[in-house]
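Working notes, structure below.
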Amino acid sequence: MRAKQYLYARLRSLVQDRGLDWPEKASLESPKKNAFGDLASNLALVLSKEAGIKPRDLAAELRTSLLESTPELQEIEIAGPGFMNFFFSPDFWRQTVPEVLEAGDGYGSLDFGQGHKVLVEFVSANPTGPLHVGHGRGAAVGDSLCRILRFAGYLVDAEYYLNDAGRQMDILARSLWIRYQQVCGSRVELPGDSYQGEYITDLAEEFYREHGRGLLDLDEPKALELCLDKGKSRILAGIKQDLQDFRVEFDRWFSEKELIESRAVDKTLENMLAGGLAYEQDGALWFKSTDFGDDKDRVLRKSDGELTYFASDIAYHAEKFSRGYETLIDVWGADHHGYVPRMKSAVVAQGRAAADFEVVLIQLVNLLRKGEQIAMSTRAGKFVTLAEVIAEVGVDASRFTFLSRKSDSRLEFDLDLLKQKSMENPVFYVQYAHARICSVLRKAGESGQKAEPDPDTLKLLNTDEDLELIQTLERFPDCIQGAARLYSPHLVSYYLRDLAGMLHRYYNRHQIVNAGDERLTGARLLLVKSVLQVLKNGLNLLGVQPMERM
RNA sequence: GCGCCAGUAGCUCAGCCGGAUAGAGCAUCUGACUACGAAUCAGAAGGCCGGGUGUUCGAAUCGCCCCUGGCGCACCA
């Protein structure tokens with residue numbers, strides 16, 4: 001990041017000296033191959049036409065003026081059709097080490113978000129049953145995204161939208177009511193659309209222990225109301241517990257029921273009708289979403305007077321904006337992707353830019369045991385819960401795995417594999433690197449070997465492995481920026497695997513403690529300390545614990 | 001039928017706002033512990049980037065057409 005900013009500033013002023021603007025398509029990136037320099041740019045290629053000079057000639061001119069004005073640049077090579085490959089002096093790179101150590105837990109944090117207010121809504125599972133593995137993935141991604149965006153300079157709140165109104169809650173109440181009657185010995189059948197999971201029976205039995213057969217004397221509506229309250233609060237308490245165990249925090253739990261009771265939904269519909277965004281037809285109220293790019297108009301209020309979920313979702317999102325958030329991010333299951341254009345059009349209809357509302361889609365989790373797929377069905381109550389997964393493989397391995405893939409592609413989650421402490425399980429690879437450094441530092445402490453971050457000491461970090469490691473540390477802020485810009489936590493986990501790999505390589509190649517030279521040991525201790533810091537910062541963003549011992 | 005996502009090494013996946021010889025881990029084979037943690041490392045092997053076509057100096061990446069798989073297309077939630 002530092003090198004890039006430094007070079008960008010200088011290149012840009014050279015471009016401006018020619019009376020030109022920095023072209024959109026010009027790149028400045030660390031190339032895949034070391035031979036292509038520490039940083040490489042296609043600037044000359046892209047600018048050539050506008051500047052009226054052949055790419056390689058332009059590159060040569062830029063090269064000359066840069067080398068004269070910037071001592072930090074050791075060499076610039078011109079390659080191929082006109083790429084410029086920049087090589088910084090080792091001293092420039094080595095400055096990264098004290099920079100990391102000085103910034104500490106803040107290393108990698110950015111002003112990229114510029115205090116922009118963002119609301120991330122995720123999980124938002126109906127409180128009709130415990131969270132399962134799929135919710136776990138959404139929880140891990142949403143939570144990690146919040147952490148990353150905060151680190152990147154956004155003001156972020158995390159919110160859980162509680163669908164505690166409507167038909168699903170009624171079904172829950174009825175399911176519980178019938179199970180209760182069954183526990184009391186009545187011969188009533190569970191309707192086909194009921195929740196059939198065992199947790200309902202457990203709740204019914206708990207209910208029985210508290211009230212005996214007393215509820216049987218109540219009117220059915222009264223009994224159902226009790227069942228609804230009881231079921232909802234118990235299940236919600238379970239969800240909250242699971243999320244807490246999974247290290248997922250929310251700033252707010254937003255109740256749909258309260259939204260409706262506050263008449264916010266009605267008001268939103270009235271406004272839409274008044275503003276010509278909605279119309280009545282066939283006894284129903286319709287949103288003219290086709291005016292905003294949707295492929296058909298959508299119903300807001302059914303002809304029987306019931307609100308659709310879409311109606312309360314529109315009101316809810318309007319409400320979020322009214323609380324001052326500039327960008328709304330929703331984390332949804334990928335099976336809801338068809339809902340995205342409709343929600344976008346609603347946001348645009350409310351006078352917001354389409355980009356103010358973004359949806360991160362989470363693909364299915366394919367749960368495996370011994371290589372065999374485990375079939376799941378929510379309605380039938382046959383699923384593996386998040387709590388079970390946490391108990392079996394632990395929070396760290398689960399979270400890291402959930403965050404190790406692009407969220408929009410399917411994920412294989414093999415319970416047996418994740419319990420193994422092998423390379424099949426990359427979380428250990430990264431945590432091991434962290435623990436290894438801790439161990440080295442302990443050893444160094446025991447024998448009183450110290451690290452002094454002065455320039456002369458740092459100069460001893462002069463091998464290829466030293467510089468490679470340092471350059472990777474220097475890229476950490478770029479990684480954060482990318483993850484924040486693309487809403488992609490998995491980029492952080494890939495980065496950490498890279499960094500851990502380099503550390504392991506370094507460790508096998510170079511002696512740190514007892515390196516034979518006190519100052520050399522000191523220099524290497526500084527280096528691994530800064531690696532430790534970056535591993536820690538990165539793991540924190542994933543919600544994975546940096547272990548000191550394993 | 002329409003739309004969205006995916007198709008990259010035997011397996012699981014990165015890379016995708018165009019960039020140079022396409023990467024990683026696992027699995028396979030060969031090596032490395034009398035110094036700091038071998039849960040590690042070094043090396044080998046492995047590819048018409050689903051197929052075709054266009055755009056251009058340059059395409060895994062962008063456009064169009066097809067094939068395959070998943071998911072959506074309600075006055076459902």
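Per chain, numbering begins at 1; letters A, B, ... match sequence-line order.
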Among [options], find the nucleotide with the atom closest to the side chain of [X].
| X | options | answer |
| --- | --- | --- |
| A:Arg442 | B:rA77, B:rA20, B:rG37 | B:rG37 |
| A:Arg298 | B:rA38, B:rA74, B:rA20 | B:rA74 |
| A:Asn85 | B:rG37, B:rC71, B:rA20 | B:rA20 |
| A:Pro81 | B:rA77, B:rA20, B:rG19 | B:rG19 |
| A:His337 | B:rG19, B:rC41, B:rC4 | B:rC4 |
| A:Ser439 | B:rG37, B:rU40, B:rC5 | B:rG37 |
| A:Lys443 | B:rG37, B:rA74, B:rC4 | B:rG37 |

I'd like to know if [X] reaches the base of [N] with its side chain, counting only an N/O donor and acceptor under 3.5 Å.
| X | N | value |
| --- | --- | --- |
| A:His336 | B:rG72 | no |
| A:Asn42 | B:rG19 | yes |
| A:Ser303 | B:rC75 | yes |

Any base atoms under 4.0 Å from [X], or only sugar-phosphate, or nothing? Heavy atoms, all strands.
| X | result |
| --- | --- |
| A:Arg485 | base |
| A:Ala40 | base |
| A:Asp282 | base |
| A:Ala444 | nothing |
| A:His434 | nothing |
| A:Ala433 | nothing |

What is the separation between atom [atom1] on [X] and atom [atom2] on [N], rounded to the nearest whole Å?
| X | N | atom1 | atom2 | result |
| --- | --- | --- | --- | --- |
| A:Arg505 | B:rA38 | CZ | P | 16 Å |
| A:Leu307 | B:rC76 | CG | P | 12 Å |
| A:Leu491 | B:rG23 | CG | C1' | 15 Å |
| A:Arg549 | B:rA39 | CZ | P | 16 Å |
| A:Glu412 | B:rA6 | CD | P | 17 Å |
| A:Arg405 | B:rA14 | CZ | C1' | 9 Å |
| A:Asn508 | B:rA38 | CG | C1' | 8 Å |
| A:Tyr507 | B:rC41 | OH | P | 12 Å |

[atom1] atom, [N] versus [M]: distance in rounded Å?
| N | M | atom1 | value |
| --- | --- | --- | --- |
| B:rG50 | B:rC5 | P | 16 Å |
| B:rA45 | B:rG31 | C1' | 15 Å |
| B:rU53 | B:rC17 | C1' | 24 Å |
| B:rA60 | B:rA20 | C1' | 15 Å |
| B:rA32 | B:rG70 | P | 48 Å |
| B:rG23 | B:rU28 | P | 24 Å |
| B:rA59 | B:rA38 | P | 46 Å |
| B:rU40 | B:rG3 | C1' | 49 Å |

If the plane angle is over 60° it's perpendicular, under 30° parallel, otherwise tilted; pick one for [X] and [Y].
| X | Y | answer |
| --- | --- | --- |
| A:Tyr8 | A:Trp22 | perpendicular |
| A:Tyr161 | A:Tyr316 | parallel |
| A:His490 | A:Tyr494 | perpendicular |

Provide the Watson-Crick or G-U wobble partner of [N], both distances under 3.5 Å; none if there is no partner.
| N | result |
| --- | --- |
| B:rA44 | B:rU28 |
| B:rC62 | B:rG54 |
| B:rA38 | none |
| B:rC17 | none |
| B:rC2 | B:rG72 |

When you check the phosphate oxygens OP1 and OP2 of [N], does a side-chain N or O of [X] lie under 4.0 Å from one of them?
| X | N | value |
| --- | --- | --- |
| A:Tyr506 | B:rU40 | no |
| A:Arg509 | B:rA32 | no |
| A:His490 | B:rG15 | yes |
| A:Ser409 | B:rA14 | yes |
| A:Lys344 | B:rC4 | no |
| A:Tyr494 | B:rU12 | no |
| A:Lys406 | B:rC5 | no |

Between A:Leu441 and A:Tyr309, the residue closer to the 5' end of RNA chain B by nearest nucleotide is A:Leu441
Of A:His504 and A:Asp335, the one whose nearest nucleotide on RNA chain B sits closer to the 5' end is A:His504
| query | More than 12 heavy atoms of other residues, nucleotides or ligands under 6.0 Å from CD of A:Glu548: is that the case? | reply | no
### Message
Looking at A:Glu280, I'd like to know if its CD atom is crowded, meaning that more than 12 non-hydrogen atoms belonging to other residues, nucleotides or ligands lie closer than 6.0 Å.
### Response
yes
- prompt: Does a donor on one side chain and an acceptor on the other come within less than 3.5 Å for A:Gln168 and A:Tyr195?
  reply: yes
Inset, instruction - Compare all side-chain heavy atoms of A:Leu43 with those of A:Leu58 and state whether any distance is below 4.5 angstrom. - result: no
A:Phe83 aromatic ring stacked with six-membered ring of B:rA20, 5.5 Å and 30°:
yes
Is A:Tyr432 stacked on the base of B:rG37 when the test is centres under 5.5 angstrom and planes under 30 degrees?
no
Margin query: Cation-pi check for A:Tyr495 against A:Arg475: NZ or CZ below 6.0 Å from the six-membered ring centre and within 45 degrees of the axis, yes or no?
Written below: no
Taking A:Asp291 first and then A:Lys288, would you say they form a salt bridge - that is, a charged N and a carboxylate O separated by under 4.0 Å? yes
Hits for salt bridge (charged side-chain N to carboxylate O under 4.0 Å, His left out) against A:Arg509, two or more places apart or cross-chain, chain-then-number order -> A:Glu465
